[in-house]
Amino acid sequence: MSKVNIGLLISQSGPTGIWAPSCLNGAILSAAETNAAGGVHGREVNLVVRDAGWDPAVAARIARDLVEIDNVSVIVAMVASNARRRISFAIAGRVPFIYTPNYEMDAPEPTIALSATDDRLIPPMLAWIEQRFQARRFLMIGSDYRWPQRTMPMTGRMIAAAGGTVVGMLSRPLDAPEDWDRRAVEDIRKADPDVVLCFLVGDQGIPFYRIYGEAGLAGRIPRCAIATDETILTSLSPAAMEGLFAGACYFAAARTAPNTAFMERYWSSFGSLAPIPNAYGQSCYEGVSFALGLIGRCRSADPRRLLSLPPHGVEYRSARFDTATGTLSQRLPIYIAAADGLSFDVVARF
């Protein structure tokens with residue numbers, strides 16, 4: 001059986017490397033399900049996995065290698081926003097580029113995005129926060145790179161439009177020492193906001209959340225985060241989890257029939273000690289399924305033909321929707337969840 005090569009570009013190192021095991025499992029499961037059903041028009045799916053790292057220039061070079069050396073038909077990527085645009089333009093017009101996580105609203109680029117941009121994700125979160133906590137005064141903290149640098153000011157404008165106030169905006173260096181987090185927590189104590197909004201990517205949130213809990217603020221000033229998932233909870237104490245909420249388009253605890261079925265297949269495939277299939281891992285499951293749906297609809301793995309096919313009619317397997325498959329035209333659910341042990345329990349859906 002001839003093979004169809006799908007490039008999987010994930011950050012196995014750097015701040016987002018914490019999600020790599022779940023991402024890899026999600027992609028493997030998606031490819032395995034297709035192969036078990038006979039492949040794509042009789043052709044076996046072959047995942048070509050590469051580490052994108054953190055540096056955008058390195059990620060773009062590796063993406064070009066996937067095209068020029070590994071002869072992939074599509075690239076599926078779960079990388080940070082600092083690399084996304086660099087990759088998309090580096091391989092523009094050569095192969096379809098499928099980006100799986102949520103990201104900042106930005107200028108147009110040659111990317112097929114499967115998740116919501118933050119201009120859609122944040123408004124229902126803010127409305128829920130304002131109602132739940134009667135919040136009017138907000139402080140934001142985010143990692144010092146592209147995504148928070150663009151999303152935090154946008155969020156500030158949304159808060160102002162609703163009559164609220166931003167009392168502080170902290171930018172956490174990616175290599176911040178523990179003293180930085182301690183000073184940040186003291187700054188938050190002095191500012192005394194109603195809520196802290198967190199845009200800390202990957203493992204960047206762990207030291208801040210720990211110190212926040214140790215300082216006794218967790219029970220007094222709630223935190224609401226994006227890019228904080230079940231994986232992060234495995235590194236936190238109960239004190240650090242108190243008053244920690246997160247917003248995303250997927251949580252493992254979502255009570256839908258497609259997600260229940262997905263979770264059963266995931267645990268039976270990888271075992272009870274496998275990493276929790278968080279939003280990023282599930283998005284890679286979707287990304288590979290979308291790539292294969294694109295090839296199946298086109299009836300060709302030729303990148304030039306794939307690039308000419310409109311992506312919005314492609315169906316792909318997903319655990320996010322209320323149906324087992326989705327398309328780009330379907331509205332993604334938006335969940336708010338509360339940290340509880342090793343899981344996030346859904347408390348609201350929009």
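Quick caveat: nothing in here was measured; it's all calculated off a predicted structure. Positions are given from 1 along the sequence.
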Could you go through W19 and L24, starting from their C-alpha distance and side-chain angles, then the distance that decides it, and tell me whether this counts as side chain to side chain contact (heavy atoms under 4.5 Å, CB included)?
CA-CA 9 Å; W19 295 321; L24 184 58; over 6 Å; no

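- Ion pairing of E186 with R183 is absent here, as no side-chain N (NZ or NE/NH1/NH2) approaches a carboxylate O to less than 4.0 Å.
- The shortest heavy-atom contact between R64 and I91 is N-CG2, 4.2 Å.
- When the ring-ring contact (aromatic ring centres under 6.0 Å, His included) test is applied to F138, no partner is found at least two apart in sequence or on another chain.
- Taking F89 as the reference, nothing meets the ring-ring contact (aromatic ring centres under 6.0 Å, His included) condition, with sequence neighbours excluded.
- Side-chain contact between V95 and S73: absent, with no pair of heavy atoms (C-beta onward) separated by less than 4.5 Å.
- Applying the side-chain hydrogen bond (donor to acceptor under 3.5 Å, both in side chains) definition to pairs two or more places apart or across chains, those involving residues 166-175 are D144-S171, R172-D181, R172-Q204.
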Less than 3.5 Å apart, which donor and acceptor atoms pair up between the side chains of residues 157-169 and the rest of the protein, not counting sequence neighbours?
none

Residues I122, I226; criterion side chain to side chain contact (heavy atoms under 4.5 Å, CB included); working and verdict
CA-CA 9 Å; I122 291 173; I226 298 179; 3.7 Å; yes

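- Looking at residues two or more places apart in sequence or on another chain, you find a side-chain contact (heavy atoms from CB on, under 4.5 Å) between D106 and R84, R85, E104, R146, R150.
- Judged as a ring pair (Phe, Tyr, Trp, His ring centres under 6.0 Å), the pairs with a partner in residues 194-223 (not counting sequence neighbours) are, in order, W147-F199, F208-Y212.
- Taking the side-chain contact (heavy atoms from CB on, under 4.5 Å) definition, one finds that D70 meets it with V48, R50, L66, V72, sequence neighbours left out.
- Residues F262 and P277 meet the side-chain proximity criterion, which asks for heavy atoms closer than 4.5 Å.
- When only modelled atom types and interatomic distance are considered, T327 and S329 share a side-chain donor-acceptor pair under 3.5 Å.
- D187 is linked by a salt bridge (charged side-chain N to carboxylate O under 4.0 Å, His left out) to nothing, counting only residues two or more places apart in sequence or in another chain.
- Using a cut-off of 4.0 Å between Lys/Arg side-chain N and Asp/Glu carboxylate O, R182 and E214 are scored as salt-bridged.
- In terms of the side-chain contact (heavy atoms from CB on, under 4.5 Å) criterion, residue partners of S300 (sequence neighbours excluded) are, by chain and number, C298, D302, R305.
- A continuous path of ILVMFWY side-chain contacts below 4.5 Å connects V4 to L47, so both sit in one hydrophobic cluster.
- Listed by chain and number, the residues in a ring-ring contact (aromatic ring centres under 6.0 Å, His included) with W54 are Y145 (sequence neighbours excluded).
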Identify every side-chain donor-acceptor pair in residues 283-294 under 3.5 Å, counting partners at least two apart or on other chains, and give the distances.
residue	atom	partner	partner atom	Å
S283	OG	T100	OG1	2.9
S283	OG	Y280	O	2.7
Y285	OH	E33	OE1	2.6
Y285	OH	R265	NH2	2.9
Y285	OH	R317	NE	3.3
E286	OE1	R320	NE	3.3
E286	OE1	R320	NH2	2.5
E286	OE2	Q282	NE2	3.4
E286	OE2	S318	OG	2.4
E286	OE2	R320	NE	3.0
S289	OG	R317	N	2.7

Do any side-chain atoms of residues 247-257 form donor-acceptor pairs under 3.5 angstrom with protein atoms, and if so which ones, sequence neighbours left out?
residue	atom	partner	partner atom	Å
Y250	OH	N259	OD1	2.6
T256	OG1	N259	N	3.2

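- The aromatic rings of Y99 and Y103 stand perpendicular to each other, their planes meeting at an angle above 60°, with 30° marking the opposite boundary.
- One finds a salt bridge joining R349 and D322 here, because a Lys/Arg side-chain nitrogen approaches an Asp/Glu carboxylate oxygen to under 4.0 Å.
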